[in-house]
J.: 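Next up is a structure, given as structure tokens.
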Amino acid sequence: MENKRINGNDLIALGYKENHTLGAALKINSKRHGLTKTEMLDKFKAVLENPSEYVEDTIFSVLAHAILGQDAVDASLIALNENPMGYTIYGESEIEAGAKEQMKVAMKLPVTVAGALMPDAHQGYGLPIGGVLATNNAVIPYGVGVDIGCRMALSIFDLPASLLDTHTDTLKETILKHTRFGAGNGYLKHERVEHVVLENTLFSENNLLASLKDKAWTQLGSSGGGNHFVEFGIVEFNEKDEVLNIEKGVYLGLLTHSGSRGLGATVAAHYTKLAKSLCKLPYQAQHLAYLDLDTMEGQEYWLAMNLAGDYASACHEVIHEKIKAALGAELLAKIENHHNFAWKERWNDQEVVVHRKGATPAAKGVMGIIPGSMATPGFLVRGKGEMAAIQSASHGAGRLMSRTQAIKTLSSVELKNILTEQGITLLGAGMDEAPMAYKDIHTVMASQEELVDIVAKFSPKIVRMADDGSRED
């Protein structure tokens, strides 16, 4: 136990405030400097009690200066609301404490109007994944997320689901030929396709976007790493859906999950850094730095975010069109929805900016897709417009364990057995995406019955994911 790392809670117990001094102390501790945990804690306590004695110390001088100047720094920070309103939690028993703590901090922002936590929620940066936050005329780049406009798209073809058994190899070849995966990967110049999204004038009006246009063209129609996928599967309607005009039955479906690739990631990083420089929040809330939409910077981000969302949609469109043409199929319906985005919406008779970081829009009548995992079903849903949830639902099953934990602890033999049992062909992916790393999708769906109606079930059968170990970019 003597060499166990010191964490923030240890320092808070000594009397450190949750601000930049805590960060300075943790940075010093990361090197340990040959001291045991007990010796380091004694030093941290001594510096806190008598910082002036350590202003020349070779190890602790930065911390001493931070402590001596913290009152002045704290006074310049935007104050949080220490009596925030509550927020609604769906499936609370299945949600980790870290995600709830992050949501509590988000509710303290002076611009916050309302919040909700979806049943697939887990800890992230800034807002938790599965967090929904409504704000007053302000947008939070990290409340949107790194993969701006990440989305689901489902094509339902006029083809029998039995093709998954009779033409397995053909369908495998089709997915392999018309998709490309992995962070940073894209298409060579002679392989690129044209799309109207690349003609957006923002690519010439915004210097950052101008520098990203060639990368955007290279990656158009490709998918990222991590949990992004392209899947053939069975779409099952237990009854006729009048709105979609699809009869009861089973159909061949194509389901994709991916976002705005390098374009979105670079936009997110740039404007998050800008927001942090303009919006000085206390240490525990620094990732929630926001941009006022009445400022030039706020408008710049808003436009760039919407372009990244359009670009993500274009990537899905290219994939679905290529595969539809290869199959020679007719389309019965195509449904698409996105998360990691911010929308201007009406909530309780006022206009708000709704951030859905890993949450699905679920206004009354709005269609959405909530996937499970590579070996569990996903669901085509229709929103009920529940205001307590800020008209939202989960964006999937949600992670049960971190990627690192999954890689270290899960069994590849068990995964292989599950896939064989379910009759699923897996092309790519690592153990971090094994179904055992995710919450039970049926439990998640049961926790949001008041948020969405299930229209159809999607059962994956041929799954392609990145096989290079890359994360979402």
Side-chain angles (χ1 to χ4, degrees), residues 124-127 129 131 139-153 179-187 192-193 195-203 205-230 256-276 287 289-291 297-319 336-343 353-361 395-396 465-466 470-473:
Y125 285 97
L127 265 190
I129 288 87
V139 63
I140 306 165
Y142 251 172
V144 167
V146 173
D147 192 7
I148 300 171
C150 187
R151 65 188 56 222
M152 307 297 307
T179 62
R180 195 152 297 178
F181 277 83
N185 291 339
Y187 290 95
R192 296 178 184 181
V193 297
H195 195 282
V196 68
V197 74
L198 297 171
E199 297 169 16
N200 192 304
T201 56
L202 284 173
F203 278 120
E205 297 167 355
N206 179 308
N207 289 337
L208 175 67
L209 294 173
S211 72
L212 295 170
K213 184 174 181 180
D214 193 64
K215 175 182 274 192
W217 191 16
T218 298
Q219 295 187 330
L220 182 65
S222 65
S223 307
N227 61 0
H228 294 156
F229 59 74
V230 176
T256 55
H257 174 219
S258 190
S260 49
R261 303 302 322 276
L263 170 71
T266 308
V267 166
H270 175 84
Y271 286 100
T272 294
K273 185 177 179 181
L274 181 61
K276 285 182 176 180
H287 291 314
Y290 51 86
L291 297 168
E297 294 84 1
Q299 282 299 308
E300 261 189 24
Y301 173 76
W302 189 261
L303 293 171
M305 177 196 74
N306 276 280
L307 173 58
D310 291 343
Y311 174 79
S313 181
C315 284
H316 285 268
E317 184 184 333
V318 169
I319 294 167
E336 187 176 351
N337 69 263
H338 52 308
H339 44 268
N340 290 7
F341 210 69
W343 294 257
V353 176
V354 179
H355 304 74
R356 293 187 177 94
K357 188 177 185 182
T360 299
H395 82 313
M465 305 181 83
S470 61
R471 307 281 282 272
E472 299 96 328
D473 51 356

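Below, all heavy atoms of this structure are taken into account, side chains as well, without hydrogens, waters or symmetry copies. Note that this is a predicted model, so its numbers are computed, not measured.
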J.: Main chain of Ala269, side chain of Thr272: is a donor-acceptor contact present, judged purely on distance under 3.5 Å?
T.: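 Not confirmed, Thr272 side chain does not pair with Ala269 backbone.
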
J.: On the 0 to 90° scale, with breaks at 30° and 60°, tag the His228-His257 ring pair as parallel, tilted or perpendicular.
T.: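 Perpendicular.
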
J.: Nearest 0.5 Å please: distance from the CE atom of Met152 over to the OG1 atom of Thr256.
T.: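 Interatomic distance, Met152 CE to Thr256 OG1, rounded to 0.5 Å: 6.5 Å.
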
J.: Any side-chain to backbone donor/acceptor pair from Asn185 onto Phe181? Under 3.5 Å, distance only.
T.: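 Judged by distance alone, yes, a pair lies under 3.5 Å.
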
J.: Yes or no on side-chain hydrogen bond (donor to acceptor under 3.5 Å, both in side chains) for Glu300 and Tyr271, after CA distance, side-chain angles and deciding distance?
T.: CA-CA 9 Å; Glu300 261 189 24; Tyr271 286 100; 2.9 Å; yes

J.: Could you give the distance from CD (Glu317) to CG (Asp310), rounded to the nearest 0.5 Å?
T.: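 Going from the CD atom of Glu317 to the CG atom of Asp310 covers 11.0 Å.
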
J.: If you count heavy atoms of other groups shown closer than 6.0 angstrom to OH of Tyr125, is the number above 12?
T.: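 Not more than 12 within 6.0 Å, no.
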
J.: Testing the basics here: between Ala308 and Ser260, what is the closest heavy-atom pair and its distance to 0.1 Å?
T.: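 That would be O-CB, 3.4 Å.
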
J.: Quick one: does Tyr311's side chain have a donor or acceptor within less than 3.5 Å of a partner on Ala216's backbone?
T.: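 Indeed, once roles are kept as given, a pair shorter than 3.5 Å links the two residues.
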
J.: Between the main-chain N or O of Gly145 and the side-chain N or O of Asn340, is there a donor-acceptor pair closer than 3.5 Å?
T.: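 Not confirmed, Asn340 side chain does not pair with Gly145 backbone.
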
J.: Is it the case that the side chain of Glu297 and the backbone of Leu274 share a donor-acceptor pair, with hydrogens and angles ignored and the cut-off at 3.5 Å?
T.: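 Judged by distance alone, no pair lies under 3.5 Å.
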
J.: Quick check: does any side chain N or O of Lys213 sit under 3.5 Å from a backbone N or O of Leu198, one acting as donor and the other as acceptor?
T.: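 Such a contact is found between Lys213 side chain and Leu198 backbone.
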
J.: Please step through side chain to side chain contact (heavy atoms under 4.5 Å, CB included) for the pair His287 and Lys276, ending with a clear verdict.
T.: CA-CA 7 Å; His287 291 314; Lys276 285 182 176 180; 3.0 Å; yes

J.: Tell me, please, which residues at least two apart from Asp214 pass salt bridge (Lys or Arg N to Asp or Glu O under 4.0 Å).
T.: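 With sequence neighbours excluded, Asp214 shows a salt bridge (Lys or Arg N to Asp or Glu O under 4.0 Å) to Arg192, given in chain and number order.
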
J.: So, does Arg180 use its side chain to make a donor-acceptor pair with the main chain of Gly186 at under 3.5 Å?
T.: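 Checking the backbone N and O of Gly186 against the side chain of Arg180, a donor-acceptor pair under 3.5 Å is found.
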
J.: Would a distance-only check, ignoring hydrogens and angles, find a side-chain to backbone donor-acceptor pair under 3.5 Å from Arg261 to Gly221?
T.: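 Looks like no, no N/O pair under 3.5 Å.
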
